[in-house]
Q: 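Below you will find the structure I want to go over with you.
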Amino acid sequence: MTAIEPGKTRIGWIGTGVMGHSMCGHLIDAGYQATVYNRTAEKTKGLVDKGATAVDSPRAVAENSDVVFTIVGFPSDVRQVILGEGGVLEGSREGMVLVDMTTSDPSLAIEIAEAAKAIGVQAIDAPVSGGDLGARNAALSIMIGGDAETVRRIDPLFQLMGKTIVYQGGPGSGQHTKMVNQTLIASGMIAICEGLLYAHKVGLDIPTVLKSVSSGAAGSWSLSNLAPRMINGDFDPGFFVEHFLKDMKIALDEASKRNLALPGLALGYQLYHAVAAQGHRRDGTQSLILALAKLNGFDWKNENR
C-alpha cells in the first residue's frame, strides 16, 4: 500500500450507526473517497450526500478500497462482515489494511489478523471510547493492536477521528485495552448515579452540585458528559445499553479465563441487566439512573423535575 493521501487512498466503511456515521464523515470531509455499507441501507444516506458510494455487501466495500474500517454491533457481526460469506476478506487483496473499530473479543481480533495475514492483508483492532460526542467532535480515544508499522502508516486516518491515539501492542491488544476501559466505566457509572440520587434525596440543586464535584477528585468524562443528560431526562443513546452489556460480558469472560475476580464489574453487569429488563436496552448507558431510582422506590423522570 502506498502512502495515505486524500484523493488517492480509497476508504471503505462498514457500519454507519451512531458513531460510525460521524467517523466516516470526518474522512470524507478530509478529501478521502469512501465506499460504504450498512445493513440498514438508509443509514448511509448522509454519507452518500457527502459523496460516498454505497454498495450492497462488505465484499464490495473491500473490492473498492485500500483501507477498510468496520464498526458494527457485536462480535457475531464482526465475524460475519469480515470472515463470513460475502465478507471483507473475500473481496480483499494483498497489501490492503483492515481496521476493526468495534469493541469485540480479543481472541476474534487475533483470529482475524491471522486469516488476513494468510492472504497478505494486515488486520488492526482499534476499538474506541468517547461515545457519540467523541465521534462527532473527532475526539475519540483509539486503542490499537496489530502490526506496528501498519499502524504507523495509517495514523493519518486515525488522527482525523481521535485525539488520544495509542498503540498497545500486537493483535488483540487494542481489544484488551478497551476491556480495561469498560471495566473502569462500569463501576464509575454506578457511583455517578448513586451520587445524583443522594443529592436529589437530600434536596440539593443537582446542577449546582456538579459545579463543585466535576472539577475535583471525583471528576470524570462520564460525570461531565452523562450526568447532565441524566438530570435533563435525556436517555438517547450515545452508547447503547445492549452494547455495554456485550462489552462487560467479554471483559468478565476474559477475566474468568485468567481466574481473575472483578466484583465491581460483575455488579455493573447485573445492574445493567436490570436496566435492559426495564425496557432500556436501546437507550444510552446513562439510563442506569432509572433502574437505581426504581430500586429506591421512585420514578427519576417524574420526580427529578
Q: Please examine the side chains of P106 and E254, heavy atoms only from C-beta on, and report whether any two atoms are closer than 4.5 Å.
A: yes
Q: Is there a donor-acceptor pair under 3.5 Å between the side chain of D155 and the backbone N or O of V151?
A: no
Q: Is there side-chain contact between I154 and Q122, with at least one heavy-atom pair below 4.5 Å?
A: no
Q: Can you see which heavy atom on A126 is nearest to which on V99, and at what distance?
A: CB-CG1, 3.9 Å
Q: Side-chain contact, heavy-atom cut-off 4.5 Å: D299 with K294?
A: no
Q: What pairs of donor and acceptor atoms, side-chain ones from residues 216-225 against any protein atom, are under 3.5 angstrom apart with sequence neighbours left out?
A:
| unit_1 | atom_1 | unit_2 | atom_2 | d |
| --- | --- | --- | --- | --- |
| S220 | OG | L223 | N | 3.0 |
| S224 | OG | S220 | O | 3.3 |
| N225 | ND2 | W221 | O | 2.9 |

Q: Does D125 reach the main-chain N or O of G174 with its side chain, forming a donor-acceptor pair under 3.5 Å?
A: yes
Q: Is a donor on one side and an acceptor on the other found under 3.5 Å between the side chain of N38 and the backbone of K43?
A: no
Q: For residues 129-139, pull every pair meeting side chain to side chain donor-acceptor pair (under 3.5 Å), keeping only residues two or more places apart or in separate chains.
A: S129-N181, D132-R136, D132-R229
Q: Examine distances only and state if a side-chain atom of Q168 and a backbone atom of I144 form a donor-acceptor pair shorter than 3.5 Å.
A: no
Q: Would you please name every residue forming a salt bridge (Lys or Arg N to Asp or Glu O under 4.0 Å) with E149, sequence neighbours left out?
A: R152
Q: Is Y269 linked to L271 within one hydrophobic cluster, defined over Ile, Leu, Val, Met, Phe, Trp and Tyr using a side-chain heavy-atom separation of less than 4.5 Å?
A: yes
Q: Does any non-hydrogen side-chain atom of W300 lie less than 4.5 Å from one of H200?
A: yes
Q: Are V209 and I231 linked, directly or through intermediate hydrophobic residues, by side-chain heavy-atom contacts shorter than 4.5 Å (ILVMFWY only)?
A: yes
Q: Do side-chain atoms of Y37 reach the backbone of V81 as a donor and acceptor pair under 3.5 angstrom?
A: no
Q: Taking the six-membered ring of F298 as reference, does the NZ or CZ atom of K201 fall below 6.0 Å from its centre and within a 45° cone about the axis?
A: yes
Q: Decide, yes or no, whether a salt bridge links R79 with E111 under the criterion of side-chain N to carboxylate O below 4.0 Å.
A: yes
Q: Is it true that the side chains of D100 and T102 contain a donor and an acceptor less than 3.5 Å apart?
A: yes
Q: Search all heavy atoms of D236 against all heavy atoms of D234 and return the closest pair with its distance.
A: N-OD1, 3.1 Å
Q: Got V78 and L83 here, is their nearest side-chain heavy-atom distance under 4.5 Å?
A: no
Q: Could D77 and R39 be called an ion pair, given the rule that one side-chain N must be under 4.0 Å from one carboxylate O?
A: yes
Q: For the backbone of L108 and the side chain of D105, can you confirm whether one donor and one acceptor N or O come within less than 3.5 Å of each other?
A: no
Q: Under the salt bridge (Lys or Arg N to Asp or Glu O under 4.0 Å) rule, collect the residues that match up with K50, sequence neighbours excluded.
A: D29
Q: If you define the side chain from C-beta out and look only at heavy atoms, does anything of L226 sit under 4.5 Å from T285?
A: yes
Q: Closest heavy-atom contact between I250 and S104?
A: CD1-C, 3.7 Å
Q: What pair of heavy atoms forms the shortest contact from G130 to L140, and how long is it?
A: CA-CD2, 3.9 Å
Q: Regarding E114 and K117, does a basic nitrogen lie under 4.0 Å from an acidic carboxylate oxygen?
A: no
Q: Please determine whether side chain to side chain contact (heavy atoms under 4.5 Å, CB included) holds for the pair Y32 and E5, giving the CA-CA distance in whole Å, both sets of side-chain angles, and the decisive distance to 0.1 Å.
A: CA-CA 8 Å; Y32 289 95; E5 187 176 341; 5.6 Å; no
Q: So which of M143, M161, M23 actually passes side chain to side chain contact (heavy atoms under 4.5 Å, CB included) with V128?
A: M23
Q: Using the salt bridge (charged side-chain N to carboxylate O under 4.0 Å, His left out) definition, which of the options R153, K8, R10 pairs with D66?
A: R10
Q: Taking G12's backbone N and O only, do any of them form a donor-acceptor pair with S65's side chain (distance below 3.5 Å, no angle check)?
A: yes
Q: Taking all heavy atoms of I119 and all of L89, pick out the closest pair and write down the distance.
A: CD1-O, 3.8 Å
Q: Do I165 and M19 sit in the same hydrophobic cluster, where Ile, Leu, Val, Met, Phe, Trp and Tyr count as joined when their side-chain heavy atoms come under 4.5 Å apart?
A: yes
Q: Between the main-chain N or O of G15 and the side-chain N or O of W13, is there a donor-acceptor pair closer than 3.5 Å?
A: yes
Q: Is the shortest heavy-atom distance from the side chain of L290 to the side chain of M230 under 4.5 Å?
A: no
Q: Among all residues two or more places apart in sequence or in another chain, which pass the side-chain contact (heavy atoms from CB on, under 4.5 Å) test with E90?
A: R59, E85
Q: If you compare all heavy atoms of R93 against all heavy atoms of A62, which two are closest, and at what distance to 0.1 Å?
A: NH1-O, 3.4 Å
Q: Extract all donor-acceptor atom pairs below 3.5 Å that involve side chains of residues 238-249 and protein atoms in other chains or at least two apart in sequence.
A:
| unit_1 | atom_1 | unit_2 | atom_2 | d |
| --- | --- | --- | --- | --- |
| E242 | OE2 | R282 | NH1 | 2.4 |
| K246 | NZ | G73 | O | 3.2 |
| K246 | NZ | T103 | O | 2.6 |
| D247 | OD2 | Q182 | NE2 | 2.7 |
| K249 | NZ | D253 | OD1 | 3.3 |
| K249 | NZ | D253 | OD2 | 2.8 |

Q: Around Y198, counting heavy atoms of other residues, nucleotides and ligands shown, do more than 12 lie under 6.0 Å from its OH?
A: no
Q: If only atom types and distance count, is the side chain of S287 paired as donor or acceptor with the main-chain N or O of D283 below 3.5 Å?
A: no
Q: Checking H26 side chain against A135 main chain: does a donor-acceptor pair fall under 3.5 Å?
A: yes
